[in-house]
Amino acid sequence: MKFTKIESSYMQRAIDLAWKGYGKTQPNPLVGAVVVRNGVIVGEGFHKKYGGAHAEVNALKMAGKKAKGADLYVTLDPCRHTGKTGPCTEVVKKYGIKRVISAINDPHDLEHEGEMILKRAGVVFERGLLADVAQESQQFYRKNVMLELPYVILKVATTMDGKVATASGFSRGITSEESQTYVHTMRSRADAILTGGGTIAMDNPHMGVRLVKGRSPLRVLLDSDLNVSLASDFFRDDQVVIFTTKHAPSRTVLALRKRGIEVVVQDALDDIPSILKTLFVRGVRILMIEAGPRIMTSFVNQGCVDEYVQIIAPKLLGGLNSPTSLEGADVQDYTSMQTLQRLAVSHLGPDVLLGGYLNWY
């Protein structure tokens with residue numbers, strides 16, 4: 001189906017609006033909507049937070065009576081089910097929209113029931129406008145629905161020669177203040193942030209949101225031995241889930257549980273998908289990783305990283321014993337390499353921000 005340049009601009013506006021809800025809508029998707037009548041935008045909106053009005057409702061309320069006979073551009077098919085709010089399909093019919101243009105279908109509605117409801121009501125329904133662009137905003141939601149697993153974002157900060165820490169393991173302060181602020185924004189969008197015992201021991205990370213406005217994520221620790229100081233900032237409250245093994249000291253496990261911290265004891269921590277499943281059941285939809293090379297390598301090698309973000313400082317560290325972001329067995333050819341899709345490059349002060357996808361949904 002062919003769409004005009006001006007129609008594409010309306011959908012792009014809806015996509016831009018959708019991103020404004022990033023980090024606040026889980027487990028719901030990011031959705032933006034624009035109401036157009038006689039070539040003029042008369043209403044627009046986005047899904048601002050979980051439990052709040054959906055994008056279509058906000059846009060139609062803004063349009064009011066001008067919505068009658070208008071076109072509705074929306075980044076995802078209008079929902080036809082009742083959850084925290086009522087079906088958007090009924091609101092679309094109520095306001096008298098004559099035509100709906102959707103970017104992509106909702107994976108919760110594979111039978112396109114929402115589309116059928118609107119068509120039976122006499123609403124013209126079209127899908128596919130800027131679908132590929134809109135799909136980027138739906139990555140976490142699509143993975144959540146299709147695989148019932150959290151969407152995983154791995155963040156790594158390196159020097160220009162690829163080092164993540166000194167030979168002693170110290171890693172704080174590689175990047176600029178601008179980059180640190182951006183990382184706090186990333187944290188504010190995630191439901192949980194995961195690290196390892198080595199990072200806690202060396203850096204005593206807070207892993208909360210302080211440099212921007214927003215909620216702090218649940219903190220997740222992977223540590224087979226659990227030889228960590230309970231006085232660390234990481235354990236400042238009970239918003240922590242720990243995955244450990246039978247090697248962990250029973251007194252430490254007991255002390256943590258007495259604080260109200262959840263401790264999951266397993267035979268081993270090498271099954272990353274199993275850990276992700278446990279976190280999903282607990283309500284984690286977006287998981288951010290800020291960890292050492294061993295944990296990052298495990299996630300990457302098991303195909304569990306969806307989005308890879310690297311911040312590169314214009315610094316050189318060197319050193320044979322200064323670690324890089326990924327470890328593992330030496331390879332002899334390029335066949336095992338993983339290639340990032342949709343690479344984006346920008347700047348954070350003096351640093352370079354690289355981002356791309358290892359999985360696409």
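Basis for what follows: all heavy atoms, side chains included, without hydrogens, waters or symmetry-related copies. Just so you know, these numbers come straight off a predicted model, no measurement behind them.
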Trainee: Could you tell me whether the side chains of Asp223 and Thr244 share a donor-acceptor contact shorter than 3.5 Å?
Mentor: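 No.
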Trainee: How would you list, by chain and number, every residue that makes a side-chain hydrogen bond (donor to acceptor under 3.5 Å, both in side chains) with Asp191, sequence neighbours excluded?
Mentor: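 Gln26, Arg215.
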Trainee: Are Val164 and Pro293 close enough that some pair of their side-chain heavy atoms sits under 4.5 Å apart?
Mentor: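 With C-beta onward as the side chain, the pair touches.
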Trainee: Are the charged groups of Lys119 and Glu115 less than 4.0 angstrom apart, N to O?
Mentor: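 The answer is yes: the pair qualifies as a salt bridge.
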Trainee: Judged by modelled atom types alone, do Thr245 and Asp267 share a side-chain donor-acceptor pair under 3.5 Å?
Mentor: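 Their side chains do not contain a donor-acceptor pair, so the 3.5 Å distance test is not met.
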Trainee: Within 45° of the six-membered ring axis of Phe280 and under 6.0 Å from that ring's centre, is NZ or CZ of Arg285 located there?
Mentor: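 Checked: cation-pi criterion met.
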Trainee: Does any donor atom in the side chain of Tyr10 or Asp71 lie under 3.5 Å from an acceptor atom in the other side chain?
Mentor: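 No donor-acceptor contact under 3.5 Å links the two side chains.
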Trainee: Quick check against the 3.5 Å criterion: does Glu307 have a side-chain atom that pairs as donor or acceptor with the backbone of Leu154?
Mentor: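 Checking the backbone N and O of Leu154 against the side chain of Glu307, no donor-acceptor pair under 3.5 Å is found.
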Trainee: When you measure from the side chain of Lys24 to the backbone N and O of Lys48, does any donor-acceptor pair fall under 3.5 Å?
Mentor: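 No, Lys24 side chain to Lys48 backbone: no donor-acceptor pair under 3.5 Å.
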Trainee: So, for Thr25 and Tyr50, which heavy atoms are closest and what is the spacing to 0.1 Å?
Mentor: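 Smallest interatomic distance, heavy atoms only, reads O-CB, 3.6 Å.
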Trainee: May I ask you to check whether Thr199 and Glu290 show a side-chain donor-acceptor distance below 3.5 Å?
Mentor: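 No - no donor-acceptor pair under 3.5 Å links their side chains.
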Trainee: Report yes if the side chains of Phe125 and Asp77 come closer than 4.5 Å at any heavy-atom pair, otherwise no.
Mentor: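 Phe125 vs Asp77: side chains touch.
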Trainee: May I ask you to check whether Asp306 and Tyr361 show a side-chain donor-acceptor distance below 3.5 Å?
Mentor: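 Side chains of Asp306 and Tyr361: pair found under 3.5 Å.
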Trainee: Is it the case that more than 12 heavy atoms not belonging to Gln341 sit under 6.0 Å from its CD atom?
Mentor: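 Count over threshold, so yes.
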Trainee: Does Arg259 have more than 12 heavy atoms from other residues, nucleotides or ligands lying within 6.0 Å of its CZ?
Mentor: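 Atom CZ in Arg259 is packed in, count exceeds 12.
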Trainee: Between Asp351 and Ser176, does any side-chain donor sit less than 3.5 Å from a side-chain acceptor?
Mentor: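 Side-chain D/A pair, Asp351 to Ser176: present.
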Trainee: Ignoring hydrogens and angles, state whether a donor on the side chain of Asp16 or Gln12 is under 3.5 Å from an acceptor on the partner side chain.
Mentor: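 Present: a donor and an acceptor within the cut-off.
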Trainee: Treating Thr252 as the side-chain partner and Ala248 as the backbone partner, does any N or O pair qualify as donor plus acceptor under 3.5 Å?
Mentor: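 A pair under 3.5 Å: no.
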Trainee: Run the salt-bridge test on Arg80 and Glu56 with the 4.0 Å N-O cut-off and return the result as yes or no.
Mentor: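 Between Glu56 and Arg80 there is no salt bridge, as every charged N stays at least 4.0 Å from the carboxylate O atoms.
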Trainee: Taking the side chain as everything from C-beta on, heavy atoms only, tell me whether Ile242 gets closer than 4.5 Å to Ile261.
Mentor: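 A side-chain contact under 4.5 Å exists here.
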Trainee: Relative to the ring of Phe140, is the ring of Tyr22 parallel (under 30°), tilted (30 to 60°) or perpendicular (over 60°)?
Mentor: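 Parallel.
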Trainee: Say whether Gln338 and Tyr308, considering side chains only, have a donor N or O and an acceptor N or O under 3.5 Å apart.
Mentor: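 There is no such pair between these side chains.
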Trainee: Is there a side-chain contact between Leu348 and Ile311 (heavy atoms, below 4.5 Å)?
Mentor: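 They are in contact (side-chain heavy atoms under 4.5 Å apart), so the answer is yes.
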